[in-house]
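Sequence lines set the chain letters: A, B, ... in the order given, protein chains first and strands last, and positions in each chain run from 1.
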Amino acid sequence: MPTVLVIDDEAQIRESIQQVLSRVGFTVTTAGDGAAGVSDFFAQPVDVVIVDIIMPRSNGIEVINQIRAQFPGARILAISGGGNFSSLGYKPGTITTEAYLASATQAGADAVLSKPFRRDELIATVRNLVKN
Amino acid sequence: MRRFLNSLRGRLVLLQLLLYAAFLPLLFIGLDALARRNATATFTRHARSYATSLARELELSDTLESPSRTVIFLDGSVEGGGCLYAAIELNGRTLGSSAVETPEWVQARGDDADFGGSEDSVYAVAIPLAREGARGRLYLGFDKHPTLGQLHQARRQIIAALGLYGVCSLIAAMLVAGYVSRPLTQLQVASRRVAQGDKAAQLRTDSSMLEIVGLAADLENMRGELVGAADELRAEIGQRLTEQAERVRLENQLRHEQRLATVGTLAGGIAHEFNNILLPLILYTEEALAQIPADHPAHPNLTRVLKAANRAGDVVAKLLAFSRPGSDRPLVPVGLARVVNEALDFSQAFIPPNVQLRREIAAQDEQILGDPTLLNQVVLNLCSNAVLAIGPDEGVITVTVQVCESASVQLRIADTGIGMSSEVQERIFEPFFTTREVGQGSGLGLSIVHGIVTGMGGQVAVTSAPHHGAEFVLEFPVYRS
């Protein structure tokens with residue numbers, strides 16, 4: 001059974017993704033921030049990591065960098081709802097969802113989804129990552 | 001009268017009159033005294049000379065020895081010398097002419113020292129006689145009336161001459177004053193024209209008087225300097241006003257941009273929060289829909305929830321479009337004129353018959369760095385707004401594309417609609433700001449236009465006034481490959 005780790009500071013997002021993916025056969029664990037997520041992944045590597053880009057403390061880009069450094073083959077799905085958070089250090093001057101996701105791709109994310117995405121999009125994307 | 005007295009001519013005439021008042025009486029007194037002295041001196045010299053010659057004749061002849069001959073001599077003296085009387089006192093005996101009665105006061109009066117005044121009409125002369133031990137005096141009285149008459153006539157002539165002189169000199173004074181004041185008047189007229197703004201009016205006069213010519217030259221030089229200084233001052237004021245207006249415009253633009261940037265930051269943050277809220281809402285709803293059959297009573301409501309969530313997602317997407325400082329997609333060289341023409345072709349579908357669309361599309365060859373899809377959206381947004389501003393009345397939308405001097409391409413979309421106040425213009429690009437009624441618009445259209453245009457390195461501004469339409473001016477830098 002494929003395993004998925006969801007890293008997002010929003011509990012409802014974590015839980016909703018967990019519920020959707022669990023229903024279609026994934027084993028889903030969650031983490032509330034970047035540092036915890038990286039720690040969990042290193043302790044128990046999963047097939048797919050779903051990571052939010054904008055999070056307090058350790059953000060999604062840092063998470064991707066840390067995982068890629070240790071596990072170059074890890075499959076990562078970056079998600080973002082955009083917003084102006086240039087003060088957090090994400091590619092200053094760019095504030096759109098696409099810009100954040102582009103940063104994530106540049107950092108090594110295998111796929112990106114812009115919040116709010118559809119249930120089917122999520123499932124298809126994760127399945128595609130697992131398959132490849 | 002007061003004006004005349006304050007004029008140069010009046011002052012000269014007044015000065016002349018004052019001089020006359022001061023000096024003409026003195027001149028009259030002097031001339032009168034001179035005439036009197038001359039006339040009386042001649043008279044007294046003549047009288048004394050006549051009397052002396054008679055006395056000598058009596059002393060040398062024997063007339064005195066015969067009283068009758070003496071009387072005849074005295075009668076002849078009266079008739080031939082114009083005397084009023086003639087008498088002789090000799091050794092205590094007195095004889096007078098028989099032709100004229102000798103007054104009794106003759107001997108007592110004796111000899112007049114001078115001509116005297118007009119109160120007495122007789123000039124008395126007493127000449128001593130001496131002949132062989134006999135001593136006596138010859139008394140003659142001369143009539144002063146002819147001389148006094150001459151004096152009176154001379155006085156009248158002096159008065160007439162002085163009066164004539166006064167009148168002539170007054171006329172001369174007025175002529176001289178006119179001659180002097182005419183060039184001054186010319187200068188005054190010219191200076192008034194200069195003061196009224198005729199900078200070309202020269203301060204010149206046709207006078208040949210050195211002082212006037214010098215004054216005119218000095219004034220003309222001063223006019224030249226003043227006009228030059230005034231022109232410089234006017235130019236400087238104009239430049240400063242222009243600079244000030246430009247500074248105010250830039251300050252307003254900066255403030256506006258800062259405000260929009262602040263709102264954009266806020267909008268971006270809100271969008272992020274909303275997306276985070278919408279995602280579980282959509283996922284849970286879709287998950288629920290996936291778990292229940294289509295005929296489940298909750299299915300329609302869950303579908304409505306999902307539809308509303310998706311609509312909210314669209315709004316958030318628009319909000320993010322406003323807050324983006326740069327384009328998400330790579331900008332490519334596009335011909336603005338072509339994109340605008342295509343958008344206008346498409347916009348014909350929603351432009352009602354009461355609205356006339358005019359195209360003034362130039363700059364066909366100029367390209368800008370942009371996104372054709374987004375530019376299309378901009379044109380449609382602005383045209384849609386223009387149609388709403390015109391409403392049911394007849395109106396015109398004019399779309400212009402032209403090249404500006406500042407190496408930019410300008411897109412202008414003007415309408416003849418209801419226009420807007422300056423307060424509305426100030427906030428027109430803010431997200432969710434709308435003047436329409438609730439439900440008639442999201443208030444995001446123009447904020448998206450602003451985000452798209454600035455994202456392409458362009459600028460957007462609006463000029464409008466209530467009931468006088470509105471014009472949106474979009475300016476993009478020209479792309480040079």
Side-chain angles (χ1 to χ4, degrees), chain A residues 6 8-24 26 28 30 32 50 52-56 59-60 79-88 90-103 105 112-126, chain B residues 260-292 302-303 305-330 371 374 431 448 451-452 454-455 457:
Chain A
V6 180
D8 199 307
D9 57 319
E10 290 286 340
Q12 289 206 339
I13 291 177
R14 291 195 307 269
E15 289 163 6
S16 62
I17 292 175
Q18 185 178 32
Q19 189 178 112
V20 167
L21 294 178
S22 299
R23 294 274 187 189
V24 293
F26 292 97
V28 182
T30 62
I50 299 175
D52 186 23
I53 302 298
I54 299 159
M55 291 183 293
N59 62 61
I79 58 175
S80 176
N84 186 351
F85 290 86
S86 57
S87 59
L88 296 181
Y90 299 105
K91 200 173 180 181
T94 60
I95 59 172
T96 63
T97 311
E98 290 82 355
Y100 290 131
L101 295 179
S103 300
T105 304
V112 293
L113 279 178
S114 169
K115 295 180 189 175
F117 42 81
R118 309 295 298 269
R119 172 179 178 273
D120 293 344
E121 274 185 288
L122 173 66
I123 295 169
T125 305
V126 174
Chain B
L260 286 175
T262 305
V263 174
T265 303
L266 188 63
I270 292 171
H272 175 262
E273 294 301 318
F274 263 78
N275 282 336
N276 282 345
I277 294 167
L278 287 172
L279 178 60
L281 184 64
I282 290 171
L283 290 181
Y284 280 132
T285 306
E286 288 186 325
E287 186 61 26
L289 283 169
Q291 299 299 319
I292 60 174
L302 286 173
T303 304
V305 171
L306 185 61
K307 191 176 175 184
N310 288 333
R311 190 177 162 202
D314 291 341
V315 172
V316 174
K318 288 179 181 176
L319 197 57
L320 279 171
F322 162 74
S323 65
R324 69 157 64 86
S327 177
D328 298 337
R329 296 191 291 183
D371 183 324
L374 294 178
I448 290 172
I452 291 172
T454 53

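- The two atoms that bring A:Q19 and B:Y284 nearest to each other are NE2-CE2, 3.6 Å, heavy atoms only.
- Between the CG atom of A:L21 and the CD atom of B:E287 there is a distance of 9.0 Å, given to the nearest 0.5 Å.
- You'll find the side chain of A:V20 stays beyond 4.5 Å of the side chain of B:E286, heavy atoms only.
- Within the 4.5 angstrom heavy-atom criterion, only side-chain atoms of A:E10, from C-beta onward, approach chain B.
- B:L278 places none of its side-chain heavy atoms less than 4.5 Å from the side chain of A:K115.
- Note that CD1 of A:I13 is 11.5 Å distant from CG of B:L281, once rounded to the nearest 0.5 Å.
- Rounding to the nearest 0.5 Å places CD1 of B:I282 at 12.0 Å from CG of A:L122.
- Neither the backbone nor the side chain of A:R14 has a heavy atom closer than 4.5 Å to any heavy atom of chain B.
- A distance of 11.5 Å separates CG of B:L306 from CZ of A:R119, quoted to the nearest 0.5 Å.
- Residue A:F117 qualifies as enclosed at atom CZ: its count of foreign heavy atoms under 6.0 Å is above 12.
- For chain A, the nearby part of B:A290 is the side chain; its heavy atoms alone come within less than 4.5 Å.
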